Undergrad: 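Have a look at the structure that comes next, please.
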Amino acid sequence: MHSSEQELFNHKIDQEVRIEPKDWMPEDYRRMLIRQMSQHAHSEIVGMLPEGNWITRAPSLRRKATLIAKVQDEAGHGLYLYSATETLGITRDETIEQLHAGKAKYSSIFNYPTLSWADIGAIGWLVDGAAIMNQVPLCRASYGPYARAMIRICKEESFHQRQGFEILLTLSRGSQAQKEMCQDAINRWWWPSLMMFGPNDDASPNSQRSMQWKIKRFTNDELRQKFVDVCVDQVKILGMGLPDKDLKWNAETGHYDFGEINWEEFYEVLKGNGPCNHERLEARKKAHAEGRWVREAAAAHSMKKNNLNTREIYGTQSAK
Ligand code: BYC
């Protein structure tokens, strides 16, 4: 028998038993999840913007249809994650308000511009590739609703990663100008993709507790290293290079060593000073304001439908 709720919680974490919304949980665990999950949800939604930028300019009908579907998937990911976050006792309105007020973060990567069509390929290959590396372990996160949402998200992300790689593969076999466009996109997205994994482990204030609670299963540096190792092989298939002169195989560690990340740039982006921070936040606020009538109409419709259902039920009962 367990003498306290805290012990029962610890026992569940030890035994890999999922924590569910109505279970007792420490306040700090709840807060840690709300922070990470809501920021994750915001990232999915803000992440639609750089790619949405290319829907009207996709080079063929097939590319356009695929890109629309991908951007739509990101909206779905955001919605599952907002719903999963709501199970922790915060409303969707509150989390969105935190984003719009600049209090909640979203992934640094979405503050960079998409300058050419090749960027859509690079986002798929590198950004979605980094996302998968980080998110597959989250399918085993200790909080049930988060882990379950991640399963479907990861399936869709792996399709996204492949469509991005295929865009780059096509460009890499094209004209000289297309090859250059491909290399240029890789050069610009490589370092920001490495930053997606977060600060180095010794500068990551949340990692230790998150790992103890089995929310995160690997540290930021562990996942970043796995990602680098995978990309070094994949870039060879493209016949392209990665923009890092320090990248080299280390037989002792069995991994690729890589150069120093520009952490000053990372923290500037986090502070709101990246190339597109202002633009992204304004776009979200505008969309939210312009979508107000849709939310109100949906709420009114739902209320009307519920009233009708209630009447139908009462009607049946009174006829008995
Ligand atoms: N950008 O202690 P740390 C996608 C913050 S969506 C911004 O290591 P933690 C996609 C961090 O929040 C990709 N902020 O934190 C979508 C913390 O600040 P606070 C999003 C970052 O949580 C559409 C502080 O720095 N994926 O892929 O242990 C289209 C210290 O960090 C970043 C997720 O959200 C960053 N890169 O670890 C295409 C995955 N890194 O909150 C693709 C879920 C760190 O204390 N999240 N910070 O003020 C996670 O796995 C973890 O939250 C992180 C950070 C690994 C990101």
Side-chain angles (χ1 to χ4, degrees), residues 28 31-54 67 69-81 84-85 98-99 102-112 114 119-120 122-141 143 146-147 149-150 153-154 156-161 163-164 189 191-213 215-224 227 261 263 265-272 274 277 280:
D28 286 351
R31 267 199 296 273
M32 172 77 88
L33 284 167
I34 290 177
R35 179 190 66 80
Q36 174 167 328
M37 289 165 65
S38 63
Q39 293 185 6
H40 194 166
H42 301 326
S43 303
E44 300 285 352
I45 299 297
V46 178
M48 296 165 76
L49 297 170
E51 293 183 276
N53 186 30
W54 278 89
L67 184 57
K70 178 184 193 282
V71 172
Q72 218 164 29
D73 284 352
E74 310 299 359
H77 299 174
L79 297 182
Y80 318 144
L81 288 167
T85 312
Q98 288 172 355
L99 172 71
K103 286 187 208 147
K105 296 189 172 76
Y106 57 88
S107 184
S108 50
I109 193 76
F110 302 118
N111 294 305
Y112 292 86
T114 38
D119 288 29
I120 298 305
I123 289 183
W125 176 43
L126 295 173
V127 175
D128 291 292
I132 294 167
M133 195 58 87
N134 162 273
Q135 292 175 13
V136 166
L138 291 173
C139 297
R140 292 190 292 121
Y143 188 55
Y146 193 26
M150 291 318 302
I153 292 178
C154 285
E156 292 176 351
E157 291 292 9
S158 68
F159 165 72
H160 296 173
Q161 194 264 356
Q163 69 83 41
W189 289 92
W191 291 105
S193 298
L194 295 190
M195 293 175 194
M196 285 176 72
F197 295 93
N200 286 136
D201 294 350
D202 56 8
S204 162
N206 300 297
S207 275
Q208 207 190 347
R209 295 210 85 182
S210 183
M211 301 268 294
Q212 280 165 356
W213 280 326
I215 299 170
K216 278 162 85 159
R217 298 283 181 155
F218 294 96
T219 70
N220 299 356
D221 286 331
E222 283 168 350
L223 291 172
R224 189 170 12 246
F227 179 69
I261 290 170
W263 292 115
E265 175 180 322
F266 172 75
Y267 287 112
E268 277 305 308
V269 174
L270 257 59
K271 271 194 265 166
N277 292 62
R280 300 289 184 242

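Atom set for the values below is all heavy atoms of this structure, side chains included, hydrogens, waters and symmetry mates excluded. Indexing begins at 1, ligand by ligand and atom by atom, following the structure's order. No experiment lies behind these values; they were computed from the predicted model shown.
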Undergrad: Kindly confirm or rule out an N or O of S210 lying under 3.5 angstrom from an N or O of ligand 1.
TA: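 No, since none of the N or O atoms of S210 sits under 3.5 Å from an N or O of ligand 1.
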Undergrad: Is the closest heavy atom of P199 to ligand 1 under 4.0 Å?
TA: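 Right, P199 reaches ligand 1.
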Undergrad: Has ligand 1 got any nitrogen or oxygen that is less than 3.5 angstrom from a nitrogen or oxygen of S43?
TA: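 By distance alone, the answer is no.
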Undergrad: Applying side chain to side chain contact (heavy atoms under 4.5 Å, CB included) to M37 and Y143, what does each step give before you reach the verdict?
TA: CA-CA 11 Å; M37 289 165 65; Y143 188 55; 4.1 Å; yes
Undergrad: Of the protein's non-hydrogen atoms, which lies at the shortest distance from atom 39 (C) of ligand 1, and what is that distance?
TA: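 Here the nearest protein heavy atom works out to N134 OD1, 3.1 Å.
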Undergrad: Tell me which one of S204, P205, A130 gets a heavy atom nearest to atom 30 (C) of ligand 1.
TA: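 Minimum heavy-atom distance to atom 30 (C) of ligand 1 goes to P205.
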Undergrad: Does only the side chain of H77 get under 4.0 Å from ligand 1, or the backbone, or both, or neither? Count heavy atoms.
TA: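 It is neither part, as no heavy atom is under 4.0 Å.
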Undergrad: Backbone or side chain, does any N or O of Q39 fall under 3.5 Å from an N or O of ligand 1?
TA: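 Yes.
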Undergrad: Between the main-chain N or O of P50 and the side-chain N or O of T114, is there a donor-acceptor pair closer than 3.5 Å?
TA: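 Checking the backbone N and O of P50 against the side chain of T114, a donor-acceptor pair under 3.5 Å is found.
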Undergrad: Can you check which of I123, L270, D128, I153 brings a heavy atom nearest to atom 42 (C) of ligand 1?
TA: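 Answer by nearest heavy atom: D128.
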Undergrad: With heavy atoms of Q135 as the reference, note each atom of ligand 1 found under 4.0 Å away.
TA: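 Per the distance check, 26 (N), 27 (O).
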Undergrad: So, does E51 sit close enough to ligand 1 that a heavy atom of it is under 4.0 Å from the ligand?
TA: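 Yes; E51 lies near enough to ligand 1 that a heavy-atom distance drops under 4.0 Å.
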Undergrad: For atom 48 (O) of ligand 1, what's the nearest protein heavy atom and its distance?
TA: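 Nearest protein contact, heavy atoms only, for atom 48 (O) of ligand 1 is K105 NZ, 2.5 Å.
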Undergrad: Examine distances only and state if a side-chain atom of R280 and a backbone atom of G47 form a donor-acceptor pair shorter than 3.5 Å.
TA: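 Side chain of R280 to backbone of G47, a donor-acceptor pair under 3.5 Å: no, none is there.
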Undergrad: Taking G272's backbone N and O only, do any of them form a donor-acceptor pair with N111's side chain (distance below 3.5 Å, no angle check)?
TA: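 No; zero donor-acceptor contacts below 3.5 Å.
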Undergrad: How close does the nearest protein non-hydrogen atom get to atom 28 (O) of ligand 1, and which residue and atom is it?
TA: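 Going by distance alone, atom 28 (O) of ligand 1 is nearest to K216 NZ, 2.6 Å.
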Undergrad: Answer yes or no for Y146: is there a heavy-atom contact with ligand 1 below 4.0 Å?
TA: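 True for this residue.
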Undergrad: Donor-acceptor pair, distance only, cut-off 3.5 Å: does the side chain of R217 make one with the backbone of P137?
TA: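 Checked: no pair found.
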Undergrad: For atom 35 (C) of ligand 1, grab the closest protein heavy atom and report residue, atom and distance to one decimal in Å.
TA: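 The answer is S108 OG, 3.5 Å.
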Undergrad: Show which side-chain atoms of residues 196-205 pair as donor or acceptor with protein atoms under 3.5 Å away, not counting sequence neighbours.
TA:
unit_1: N200; atom_1: OD1; unit_2: W263; atom_2: NE1; d: 3.2
unit_1: N200; atom_1: ND2; unit_2: D221; atom_2: OD1; d: 2.8
unit_1: D201; atom_1: OD1; unit_2: T219; atom_2: OG1; d: 3.4
unit_1: D201; atom_1: OD1; unit_2: N220; atom_2: N; d: 3.3
unit_1: D201; atom_1: OD1; unit_2: D221; atom_2: N; d: 3.0
unit_1: D201; atom_1: OD2; unit_2: T219; atom_2: OG1; d: 2.7
unit_1: S204; atom_1: OG; unit_2: S207; atom_2: N; d: 3.4
unit_1: S204; atom_1: OG; unit_2: S207; atom_2: OG; d: 2.6

Undergrad: Tell me, yes or no, whether the heavy-atom count around Q208 atom CD, taken from other residues, nucleotides or ligands under 6.0 Å, exceeds 12.
TA: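 Result for CD/Q208: open.
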Undergrad: Which is closest to atom 10 (C) of ligand 1 by heavy-atom distance: Y267, Y106, F110, F197?
TA: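 The residue whose heavy atom sits nearest atom 10 (C) of ligand 1 is F110.
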Undergrad: List the steps, then state whether side chain to side chain donor-acceptor pair (under 3.5 Å) holds for H40 with Q135.
TA: CA-CA 10 Å; H40 194 166; Q135 292 175 13; 3.0 Å; yes
Undergrad: Between the side chains of E157 and H160, does any donor sit under 3.5 Å from an acceptor?
TA: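 Their side chains do contain a donor-acceptor pair, which is all the 3.5 Å distance test asks for.
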Undergrad: What residue and heavy atom of the protein are closest to atom 49 (C) of ligand 1, and at what distance?
TA: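 For atom 49 (C) of ligand 1, the nearest protein heavy atom comes out as Q36 NE2, 3.5 Å.
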Undergrad: Listing request: all salt bridge (Lys or Arg N to Asp or Glu O under 4.0 Å) pairs with a residue in residues 123-139, at least two apart in sequence or in separate chains.
TA: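 Salt bridge (Lys or Arg N to Asp or Glu O under 4.0 Å) check on residues 123-139 returns K70-D128.
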Undergrad: How far is atom 40 (N) of ligand 1 from its nearest protein heavy atom, and which residue and atom is that?
TA: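 Protein heavy atom at minimum distance: G198 CA, 3.2 Å.
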Undergrad: In the protein, which heavy atom is nearest to atom 41 (O) of ligand 1, and how far is it?
TA: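 Of the protein heavy atoms, R35 NH1, 2.8 Å lies nearest.
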Undergrad: For E74 and E44, work out which heavy atoms get closest and say how close.
TA: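 Smallest heavy-atom distance, with atoms named: OE1-OE1, 2.9 Å.
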Undergrad: Measure V269 to ligand 1 on non-hydrogen atoms and call it side chain, backbone, both or neither using the 4.0 Å cut-off.
TA: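 No part of V269 comes within reach of ligand 1.
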Undergrad: Considering only the protein, which heavy-atom contact is closest to atom 17 (C) of ligand 1, and what is its distance?
TA: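 Among all protein heavy atoms, the one nearest atom 17 (C) of ligand 1 is N206 ND2, 3.7 Å.
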Undergrad: Is there a donor-acceptor pair under 3.5 Å between the side chain of S210 and the backbone N or O of N206?
TA: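 The answer is no, because no donor-acceptor pair under 3.5 Å joins these two groups.
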Undergrad: Taking all heavy atoms of G129 and all of F227, pick out the closest pair and write down the distance.
TA: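 Minimum heavy-atom separation between G129 and F227: C-CE1, 3.6 Å.
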Undergrad: Given that the side chain starts at C-beta and the backbone is N, CA, C, O, which of these parts of I109 lies under 4.0 Å from ligand 1, counting heavy atoms, or is it both or neither?
TA: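 For I109, no heavy atom sits under 4.0 Å from ligand 1.
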